[in-house]
Amino acid sequence: MGVDRPRTTLVCEIPDCAPTFQGDRTERTWDSRAARLMWEAWNIAAGGLEAWQAPFRGNHPRVGVMWGGFDLSATRHSTRPTEPPPGRPAFQRNAQLSAYVSVGFAFGDASAPQAGMYAYIWPAPDGLEGRSWGVEGAAWHPDAGLVLLPWDRLGETADPHRSIVAFGDAVYQAAVDLAGWPADSVGPRVDGWYMSRTPPERVRAAAEKAHRH
């Protein structure tokens, strides 16, 4: 199929699984509906995260897939150095050498089974309690150190794509207000060929017209 074979056959971060792919002999049934729902969630989340990330003028890698739970992550990096907490794994210490703001999507796991958007600021500033996070249902969870927006609450909004952008913008504004991040690092947002001041219904109407022709 033209796909390079993996460099290792170790199975990582999948609970109760064999240590290698060769050792995994458990029979499983393909669930096409579940796969379709996962694809749709990825599609919505990736589009919103890419739109949120686009106007940032600083270092911001592309939206990426995290290998553990197949969650998506969009991160804005600062050049301000920080001190990672001791005792963390090497990959976490490397990630925490400078300040960053991260917004993402996760399917959840056994300890936190609810799918949805998450966000956090590193290092976490004081004063995150009681803030508005741009979308109804989003809230700060101090025990987890995360701002969480459940997927079902996102689905209740008129435009989930724009709600993800609003969620990310609110998190970045918290970083500006509480952690000294620069407000002028975010430029004007552009929706395709249209500036953000164009009403979204005009953008959709133009796209539908182009599709028909």
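Hydrogens, waters and symmetry mates are skipped; everything else that's a heavy atom, side chains included, is used.
Taking every heavy atom of both residues into account, P188 and R57 meet most closely at CD-NH2, 3.9 Å. Taking both residues in full, the closest heavy atoms of T157 and S163 are given as OG1-OG, 3.0 Å, listed atom of the first, atom of the second, then distance. Scanning all heavy atoms of the two residues, the minimum distance from H77 to T75 falls at NE2-CG2, 3.5 Å.
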Scan the side chains in residues 124-150 for donor-acceptor partners under 3.5 Å anywhere in the protein, sequence neighbours excluded, and list what turns up.
from, atom 1, to, atom 2, distance (Å)
R131, NH2, D177, OD2, 2.9
W133, NE1, R131, O, 3.3

Atom pairs and distances, donor-acceptor, side-chain atoms in residues 14-23, under 3.5 Å, two or more places apart:
from, atom 1, to, atom 2, distance (Å)
T20, OG1, G23, N, 3.2
Q22, OE1, T9, OG1, 2.9
Q22, NE2, T9, OG1, 3.4

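Checked against ring-ring contact (aromatic ring centres under 6.0 Å, His included), Y120 has the following partners two or more places apart in sequence or in another chain: Y100. Residues forming a ring-ring contact (aromatic ring centres under 6.0 Å, His included) with F105 (at least two apart in sequence, or on another chain): F107, W151. Residues meeting the side-chain contact (heavy atoms from CB on, under 4.5 Å) test with R36, sequence neighbours left out: W39, E40. For S32, the side-chain contact (heavy atoms from CB on, under 4.5 Å) criterion is met by W30, not counting sequence neighbours.
A donor-acceptor contact shorter than 3.5 Å links the side chain of H60 to the backbone of G58. Side-chain atoms of T82 come within 3.5 Å of backbone atoms of Q96 as a donor-acceptor pair (strictly under, hydrogens ignored). At distances below 3.5 Å, at least one donor-acceptor pair connects side-chain atoms of R28 with backbone N or O atoms of T26.
Put simply, V171 and M66 are part of two different groups of oily side chains (I, L, V, M, F, W, Y) that touch within less than 4.5 Å, one to the next.
Contact check for L72 versus L49: side-chain heavy atoms found under the 4.5 Å cut-off. S185 places a side-chain heavy atom less than 4.5 Å from the side chain of Y172. Side-chain contact check for P84 versus L97: some heavy-atom pair is nearer than 4.5 Å. Considering only heavy atoms from C-beta on, S102 comes within 4.5 Å of S73 through its side chain. Counting only heavy atoms from C-beta outward, the side chains of E83 and P123 never approach each other to under 4.5 Å.
Figure legend: R76 and W181 shown without cation-pi pairing, the cationic atom not lying both under 6.0 angstrom from the six-membered ring centre and within 45 degrees of its axis.
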